[in-house]
Amino acid sequence: MDDTSSNIPPAWAADVLGDVVISAEVLNARVRELGAAIAADYADDPPLLVGVLKGAMMFMTDLARATELAVDMDFMAVSSYGSATQSSGIVRIVKDLEADLTGRHVLVVEDIVDSGLTLNYLRKYLLARSPKSVEVCALLLKEGEQRVSLDLRYVGFTIPPTFVVGYGLDVAEKYRNLSGIFTYVGPGSH
Ligand code: IMP
């Protein structure tokens with residue numbers, strides 16, 4: 001594989017993908033930087049990483065390995081009421097945490113922040129469990145789409161407000177297993 005190979009959509013998904021937004025190589029390098037920043041910031045008191053399923057699964061596992069600290073890991077699954085492409089801000093907890101948050105630093109690991117409503121809800125939910133702190137590490141932030149003010153401690157990339165898939169992000173549960181992040185244009189667009 002040459003170093004531009006992940007810029008090209010793979011044959012099994014090429015008919016629905018547009019341009020590459022972030023290649024696997026660029027993702028990898030940025031995730032390593034984020035891991036190093038987290039390791040430096042939390043050196044004295046390693047956080048509990050809370051991955052938000054399913055979108056953050058790839059990011060969570062890579063970020064945890066890039067963070068050279070004895071972090072704990074736990075997962076939540078949430079589903080947002082509303083249409084498929086528009087978050088309503090009302091979130092249902094599909095899988096709750098197992099960890100006790102009392103007195104712990106919590107770092108929420110999110111795939112993408114769009115309106116910010118999901119994250120806003122999650123932050124309040126976690127803060128009610130008496131943690132020492134709640135911070136957020138979001139891989140992607142969609143430019144200009146936020147409907148609430150957000151305080152994101154770590155952001156991987158700011159991207160234009162288009163629908164993207166890959167590296168955990170899906171459309172109807174597909175394309176999560178792409179190594180890079182691509183715009184989704186749908187069938188019949190090529
Ligand atoms: P928010 O509540 O509007 O910030 O929505 C955040 C959630 O919507 C993310 O955790 C994703 O699950 C989903 N989402 C938003 N934009 C995209 C996208 O471009 N591709 C895939 N999922 C997305």
Side-chain angles (χ1 to χ4, degrees), residues 6-7 9-10 12-24 26-27 30-31 34 49-64 73-97 106-127 134-187 189:
S6 75
N7 288 323
W12 58 268
D15 58 333
V16 298
L17 299 181
D19 293 334
V20 67
V21 180
I22 310 164
S23 70
V26 174
L27 275 171
R30 184 69 183 127
V31 171
L34 291 169
L49 302 181
V50 172
V52 184
L53 295 171
K54 300 172 197 166
M57 61 184 178
M58 307 291 184
F59 181 39
M60 175 79 162
T61 57
D62 285 345
L63 184 70
M73 297 170 74
D74 203 348
F75 293 91
M76 288 182 81
V78 299
S79 96
S80 180
Y81 288 110
S83 70
T85 54
Q86 200 80 61
S87 170
S88 64
I90 303 164
V91 173
R92 188 165 59 95
I93 307 289
V94 176
K95 183 213 171 295
D96 206 343
L97 291 172
V106 173
L107 183 59
V108 179
V109 179
E110 254 288 27
D111 51 355
I112 185 163
V113 177
D114 187 5
S115 69
L117 293 170
T118 304
L119 200 55
N120 208 34
Y121 176 92
L122 268 183
R123 194 194 293 268
K124 283 189 199 136
Y125 182 83
L126 297 171
L127 280 169
V134 175
E135 300 286 353
V136 177
C137 179
L139 179 65
L140 305 173
L141 175 65
K142 276 196 192 176
E143 231 161 44
E145 294 292 284
Q146 288 71 57
R147 288 204 267 155
V148 288
S149 78
L150 293 169
D151 176 19
L152 306 176
R153 180 136 183 207
Y154 308 95
V155 174
F157 303 89
T158 300
I159 63 165
T162 51
F163 199 82
V164 294
V165 294
Y167 196 63
L169 292 160
D170 73 311
V171 60
E173 298 300 327
K174 288 203 170 52
Y175 312 114
R176 294 189 195 276
N177 58 326
L178 289 163
S179 303
I181 292 175
F182 296 84
T183 56
Y184 177 78
V185 295
S189 305

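Numbering of ligands and ligand atoms starts at 1, following listing order.
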Could you tell me if any non-hydrogen atom of Val165 lies under 4.0 Å from any atom of ligand 1? no

So which atom in Gly18 and which in Phe182 form the shortest heavy-atom distance, rounded to 0.1 Å? O-CD2, 4.2 Å

Where ligand 1 meets Ser115 - atom numbers and elements under 4.0 angstrom, heavy-atom basis: 1 (P), 2 (O), 3 (O), 4 (O)

Ligand 1 to Glu110, heavy atom cutoff 4.0 Å, flagged ligand atoms 10 (O)

Within-cut-off N or O pair, Val164 and ligand 1, under 3.5 Å: yes

Tell me whether Leu169 has any N or O atom under 3.5 angstrom from an N or O of ligand 1. no

Close approach of Gly116 to ligand 1, heavy atoms, under 4.0 angstrom: yes

Give a yes or no on this: more than 12 heavy atoms of other residues, nucleotides or ligands lie within 6.0 Å of atom NZ of Lys95. yes

Side-chain heavy-atom pair Lys174, Val16 within 4.5 angstrom cut-off: no

Specify the closest pair of heavy atoms between Leu27 and Gly180, including all atoms of both residues, with the distance to one decimal. CD1-CA, 4.0 Å

Run the side-chain donor-acceptor check on residues 151-164: report pairs under 3.5 Å with partners two or more places apart or on a different chain.
unit_1: Arg153; atom_1: NH2; unit_2: Asp41; atom_2: OD2; d: 3.4
unit_1: Tyr154; atom_1: OH; unit_2: Asp41; atom_2: OD2; d: 2.6

Once side chain to side chain donor-acceptor pair (under 3.5 Å) is applied, do any residues pair with Asn120, and if so which ones, sequence neighbours excluded? none

Within a distance under 4.0 Å of any heavy atom of Lys142, pick out the atoms of ligand 1 and give their elements. 16 (N), 17 (C), 18 (C), 19 (O)

Proximal ligand 1 atoms for Asp170, defined as those under 4.0 Å from one of its heavy atoms: 21 (C)

For Ala138 and Val113 the tightest heavy-atom approach is CB-CG2, 3.8 Å

Near Thr118 (heavy-atom distance under 4.0 Å), the atoms of ligand 1 are 1 (P), 2 (O), 5 (O), 6 (C)

For Asp111, atoms of ligand 1 separated by under 4.0 Å from a heavy atom: 9 (C), 10 (O), 11 (C), 12 (O)

